Chemist: 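Before we start, here is the structure in question, set down as structure tokens.
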Amino acid sequence: MTALWIGVLPAAIGFLLVRGLGSGVRRYCLHDLFRLILGVGIGIGLCSECYFVGLVAGCFVLLPEILLLSAVGIGVILHRRNAGCCFCKAAPPPRRIPRLTWMLAGALGLLLLLDLAVFAWVCVRTPHGGWDAWAIWNLRGRFLYRAGGTAWQDGFTEALAWSHPDYPLLLPAFVARGWKLLGHESSSIPIALGCFFTFGCAGLMTSSLGILRGARQGTLAGLALAATPFLYVQGAMQCADVPLAFFILATLACLAVADRFRSRGFAAMAGVAAALGAWTKNEGLLWFGAILLARAIMTHRRLMLSFLAGALPVLAPILFFKARIATASDIFGTAGRVGMMARALDPARYQLIAREALRHVLSFGPLLFGAFAILAVYVAVAGLRRDKRDRDVLQSGVLALSLTTLGYGAIYLLRPLDLSWLLDTSADRLLLQLWPGMVFVAFLACRAPRQPRSSVSMRTIRLEESLVGR
Amino acid sequence: MIAKRYHARAQGAIAIVLLMATLAVCTLASYYFLVKRDSGIPSGIVMDENRFAWIRAMLPVRGTIGYLSDTGGIGQDPRVFYLTQYFLAPVVVAADAGHRLVVANFASRASIATFAAANGLTVERDFSNGVALLRRARP
């Protein structure tokens, strides 16, 4: 029963929120898979914030999420009169799924099973996760769970500066919430959390692109993500880069759906997802700023109000945490500002960052040729399509991902730590944060493989693709 | 059959993704065999945590304690220090021994008393597993 509460409450909050804000039929349709995966991720983030709010307010820690569930439930009931799936209306599900799509789906299923086996094997070997998991996230979770009264704030002291007490609390707060409901500490909570976000990335990729570009293109994109071993090993290591990657992907997927279907609700969900990225890691704050700026530049602030309306309630606890609880960061704190100008003007640091970034990009995956190189070849072979409906999200997505990459470079440049060590230990994980977002943009932008009709020439097919977008 | 029905670009795009999937299978398999060959320890930190069960029961529910080790401090062997903090949370473990209560995490149990005396500490309780609770003689 308790285990049910741990997982069902976030899933119910998130799923109902997505169905309430995004469109949903009265009963259920195939597109609810997309809503469910997105909703569970968002529900986990919101429950984590609710637990933090409960700790700060000193009230029964489940009270904020019960209130949130009630509010979302009332919203869905009020929305029931206008219920209807905009995805079903735009493109009814096909009567017959082609054999090739089934074959690709089978390959995806088999690859995900192999990923799951490796994930489980790594979890058995390291139930407390990798270095960052126990030294940062689960350590903070222990402070939140074990300490009574206001003692949880002891975990945010300068004496623990090595464990980054300025990092946001999505993972620690959700893990502590799970332990609280369970009544004891168990590594099953962080493992389950890692499992959802790791496999949720592939699920969200496949289901969102399935809606936007058709089942075959969605399955191909899911295959490309499932073919990234680093994602599954890092997910099992319980590192926060995987949940951040999920929220970056969720932001782009919601914006794509919002632009395509002119949905204010999904624009608000994009705001929620981007803000939850900021509640996951400090790099998420960078992503939030980057996507906000990119949308402002590329879309002439269309749907911006809805995006901000979704983001602001989620950002409020983050701002409180940063202002009142967290210690100063090692970059912008007093110690970090010493010698900052010298580091910013040192050409050797630029060279080292560029050289190491290239090395990590070429070896990312790790696959024989590097996953980024394979993705680039895919884009070149498949070719880009022309579709005005996705222009806004593609342009703003590419700009936001580029701005975030530049931001990572600036952090490397300014951070007062041994640069070689820093690049060696974190560059792959930073690439991992952006990888699902990049795969999404690439597969949204490229032509989907489709069967040419025997009587139709290639020129006609290209013309049709440029008009219809499939 | 696919070659007949799909044009070259589509075949190429699908082939690239399937190649990627094949490479991923190879990578996952080689990762499994390499890690299995190189390391036989399932998980170091779970076994280590039991060493700290007794001292956790003796520590106050909150506050800051010091740290002493024969393997070096946070500078020389940060992993051991970080793990000590991980096991003893929500008590904060400071990186130095300048506190009323100090946790000793030693590789060699025999040298605890010597190190403690050199730092003006007395052994409050030795748990016989390299972990001891030390107390400052004159606060």
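Every chain is numbered from 1, with letters handed out A, B, ... down the list of sequences. Only a predicted model underlies this, so the values are computations on that prediction, with no experimental measurement involved.
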Chemist: With a 4.5 angstrom heavy-atom cut-off, is it the side chain or the backbone of A:L375 that approaches chain B, or both, or neither?
Modeler: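 Neither part.
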Chemist: Which one wins on heavy-atom pair count under 4.5 Å against chain A: B:L23, B:T22, B:L19?
Modeler: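 Highest number of heavy-atom pairs under 4.5 Å: B:L23.
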Chemist: Are a donor atom and an acceptor atom from the side chains of B:R51 and B:N105 found within less than 3.5 Å of each other?
Modeler: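 Looking only at side-chain atoms, B:N105 and B:R51 do form a donor-acceptor pair, the distance falling under 3.5 Å.
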Chemist: Applying the side-chain contact (heavy atoms from CB on, under 4.5 Å) criterion to B:V103, which one of B:L68, B:L133, B:T84, B:L59 satisfies it?
Modeler: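 The single option meeting the side-chain contact (heavy atoms from CB on, under 4.5 Å) with B:V103 is B:T84.
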Chemist: With a 4.5 angstrom heavy-atom cut-off, is it the side chain or the backbone of B:V61 that approaches chain A, or both, or neither?
Modeler: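 No part of B:V61 comes within 4.5 Å of chain A.
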Chemist: Assert yes or no for the condition that the ring centre distance of A:W152 to A:Y145 is strictly below 6.0 Å.
Modeler: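 That pair fails the under 6.0 Å test.
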Chemist: I'd like to know if B:R100 pairs up with B:E124 as an ion pair, taking the criterion as any Lys NZ or Arg NE/NH1/NH2 lying under 4.0 Å from an Asp or Glu carboxylate oxygen.
Modeler: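 Salt bridge: no.
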Chemist: Given that the side chain runs from C-beta out, which part of A:V379 has a heavy atom under 4.5 Å from chain B: side chain, backbone, both or neither?
Modeler: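 Neither part.
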Chemist: What about the rings of A:W435 and A:F372, do their centers lie closer together than 6.0 Å?
Modeler: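 When the ring centroids of A:W435 and A:F372 are compared, they turn out to be within the sub-6.0 Å range.
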Chemist: Please confirm whether B:Y86 and A:H128 have ring centers closer than 6.0 angstrom.
Modeler: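 Yes, the ring of B:Y86 comes within the 6.0 Å limit of the ring of A:H128, centre to centre.
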Chemist: Pick whichever of B:T64, B:T27, B:V91, B:L18 has the most heavy-atom pairs under 4.5 Å with chain A.
Modeler: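 Result: the option with the highest number of such pairs is B:T27.
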Chemist: Over 60° means perpendicular and under 30° means parallel, so classify the ring planes of A:W131 and B:Y82, tilted if in between.
Modeler: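 Aromatic pair B:Y82/A:W131 classed perpendicular.
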Chemist: Heavy-atom distances under 4.5 Å only: say whether A:V118 touches chain B with side chain, backbone, both or neither.
Modeler: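 When you check distances to chain B, only side chain atoms of A:V118 fall under 4.5 Å.
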Chemist: Answer with side chain, backbone, both or neither: which region of A:L220 has an atom nearer than 4.5 Å to a non-hydrogen atom of chain B?
Modeler: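 Both backbone and side chain.
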Chemist: What option among A:A147, A:A107, A:A151, A:A159 has the most heavy-atom pairs under 4.5 Å with chain B?
Modeler: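 Ranked by contacts with chain B, first place is A:A151.
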Chemist: Checking heavy atoms, do the side chain of A:L111, its backbone, both or neither come under 4.5 Å from chain B?
Modeler: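 Side chain only.
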Chemist: Taking the six-membered ring for Trp and the full ring for Phe, Tyr or His, determine whether the centres of A:Y378 and A:F443 are under 6.0 Å apart.
Modeler: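 Between A:Y378 and A:F443, the centre distance is under 6.0 Å.
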Chemist: Please look at A:A117 and chain B and tell me whether the side chain, the backbone, both or neither of the residue comes under 4.5 angstrom of a heavy atom of that chain.
Modeler: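 Neither part, no heavy atoms under 4.5 Å.
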Chemist: Is A:T157 in contact with chain B via its backbone, its side chain, both, or neither, using a 4.5 Å heavy-atom distance?
Modeler: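 It is the side chain, since no backbone atom gets that close.
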Chemist: Identify whether NZ of Lys or CZ of Arg in A:R140 sits under 6.0 Å from the centre of the six-membered ring of A:F156 and within 45° of that ring's axis.
Modeler: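 Yes, a cation-pi geometry.
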Chemist: Taking every heavy-atom pair that is under 4.5 Å apart, which of B:P90, B:G63, B:A94 has the most such pairs with chain A?
Modeler: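 Top count of heavy-atom pairs under 4.5 Å with chain A: B:P90.
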Chemist: Looking at B:A95, B:P78, B:A89, which one has more heavy-atom pairs under 4.5 Å with chain A than the rest?
Modeler: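 Looking at each option in turn, the highest pair count goes to B:A89.
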Chemist: Against chain B, label A:T219 side chain, backbone, both or neither, depending on which of its atoms sit under 4.5 Å from a heavy atom there.
Modeler: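 Answer is neither: A:T219 stays 4.5 Å or more from chain B.
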